[in-house]
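Remember, it's a predicted structure, so these values are computed and weren't measured experimentally.
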Amino acid sequence: MKEDSDIQYMEKFRDGDENAFRILFTRYKNRIISFCFWFCNDRDVAEELAQEVFLRVFKAVPSYRPEAKFSTWIFQIATNVCLNELRKTRYRYYMESLDSCHNSDEMGWAREIADRERQDPEYLLEDKERDHIVQKAISGLPEKQRIALLLRIYFGFSYQDIGLQMKCSESSVKSLIYRGRQNLKMILQKSSQIFNISGR
């Protein structure tokens, strides 16, 4: 893991190099905000949660030991922060409702997916509508299924990494992803919107 440049930057920061932390912040800021957005559906709250994630990273520096890839470690922190937020009273009804996601314009900001380069207005409108429906469907999944799917499909982590992030076995991760996909398909079919959600 020593070849992981992120780990090297974290160790440099532990040794007093403040610029190293700024580099890590720049590398991960948008990905962490995007991940947080999937859980709260609010840009301002997502940014607050991301700040909490980086604050925890900052506080962990003195005792930091690279037992996993830095990306795996920081997303484990982000997962814990988001779960804590979801369990607050103000989000309980959001978790149970597929109608709470109402701003499809924010979906383009939230998802870090490769640029499609197509600028046709009709295509872009259809794409936003699809994102909106998928966001609502994912919001209806149980917490662990949602986390596993997001980490695998949208953020590209391996089953092993996800197991470390969620503190469970790889077989449990595979089961969560399988059940999550099946539930997601059913939700999308009920919405008369069937998309290709096969994993990588």
- Taking all non-hydrogen atoms of both residues into account, name the closest pair between A46 and C36 and its distance. O-CB, 3.8 Å
- Parallel, tilted or perpendicular: rings of F21 and F25 (30°, 60°): parallel
- Message: Under the rule for salt bridge (charged side-chain N to carboxylate O under 4.0 Å, His left out), what residues qualify as partners of R56, not counting sequence neighbours?
- Response: E52
- Report yes or no: do Y154 and L83 belong to one cluster of Ile/Leu/Val/Met/Phe/Trp/Tyr joined by side chain heavy-atom distances under 4.5 Å? yes
- Message: Holding to salt bridge (charged side-chain N to carboxylate O under 4.0 Å, His left out), I want the full list of residues that pass it with R27, two or more places apart in sequence or in another chain.
- Response: D6
- Query: What closest approach, in Å, do S71 and Q165 show between heavy atoms, and which atom pair accounts for it?
  - Reply: O-NE2, 4.0 Å
- Note on the structure: From the list F75, F157, F155, side chain to side chain contact (heavy atoms under 4.5 Å, CB included) partner of I162 resolves to F157
- Are the side chain of Q76 and the backbone of L164 linked by a donor-acceptor contact shorter than 3.5 Å? yes
- Task: Calculate, to the nearest 0.5 Å, the distance between atoms CE and CG belonging to M166 and N80 respectively.
- Result: 10.0 Å
- Side-chain heavy-atom pair M10, P66 within 4.5 angstrom cut-off: no
- Check for a donor-acceptor pair, side chain of R14 on one end and backbone N or O of Y64 on the other, with a separation under 3.5 Å. yes
- Query: Can you find a pair of side-chain heavy atoms, one from L149 and one from W38, that are under 4.5 Å apart?
  - Reply: no
- Looking at CG of D17 and CD of Q8, how far apart are the two atoms once the value is rounded to the nearest 0.5 Å? 12.5 Å
- Task: Provide the full list of salt bridge (Lys or Arg N to Asp or Glu O under 4.0 Å) pairs with a residue in residues 72-84, sequence neighbours left out, each pair given once.
- Result: none
- Task: First locate atom NZ of K144, then atom OG of S172, and finally report the distance between them rounded to the nearest 0.5 Å.
- Result: 8.5 Å
- Query: Roughly how far, to the nearest 0.5 Å, is the OH atom of Y9 from the CG atom of N19?
  - Reply: 8.0 Å
- With side chains defined as the heavy atoms from C-beta onward, is the minimum distance between I74 and F54 less than 4.5 Å? yes
- Message: Do I147 and F39 have side chains that approach each other closer than 4.5 Å (heavy atoms only, starting at C-beta)?
- Response: yes
- Task: Taking the six-membered ring for Trp and the single ring otherwise, decide whether the centroids of F70 and Y28 are under 6.0 Å apart.
- Result: yes
- What's the spacing between T72 OG1 and L151 CG if we round to 0.5 Å? 9.5 Å
- Query: So which heavy atom on S158 is nearest to which on R152, and how close?
  - Reply: CA-NH1, 3.7 Å
- Distance, nearest 0.5 Å, that separates CZ of F37 from CG of D44: 10.5 Å
- Task: Walk me through it: do R43 and E47 pass the test salt bridge (charged side-chain N to carboxylate O under 4.0 Å, His left out)?
- Result: CA-CA 6 Å; R43 179 168 182 168; E47 290 180 346; 3.5 Å; yes
- Message: Tell me the closest heavy-atom pair linking L176 and A148, and the distance in Å.
- Response: CB-CB, 4.0 Å
- Message: Is there a side-chain contact between K69 and I7 in this structure, where contact means two heavy atoms from C-beta onward sitting under 4.5 Å apart?
- Response: no
- Query: Without hydrogens or angle criteria, can the side chains of T26 and R22 be said to hold a donor-acceptor pair below 3.5 Å?
  - Reply: no
- Query: Going by heavy atoms in the side chains, are Y178 and Q182 under 4.5 Å from each other?
  - Reply: yes
- Task: Could you tell me which non-hydrogen atom of G180 sits nearest to which non-hydrogen atom of L141, and how far apart they are?
- Result: O-CD2, 3.8 Å
- If two hydrophobic side chains count as joined below 4.5 Å and joins carry through other members, does V61 share a cluster with W73? yes
- Query: Are F13 and F58 close enough that their ring centres sit under 6.0 Å apart?
  - Reply: yes
- Task: Looking only at non-hydrogen atoms, find the nearest pair between A78 and I32 and report the distance.
- Result: CB-CD1, 4.2 Å
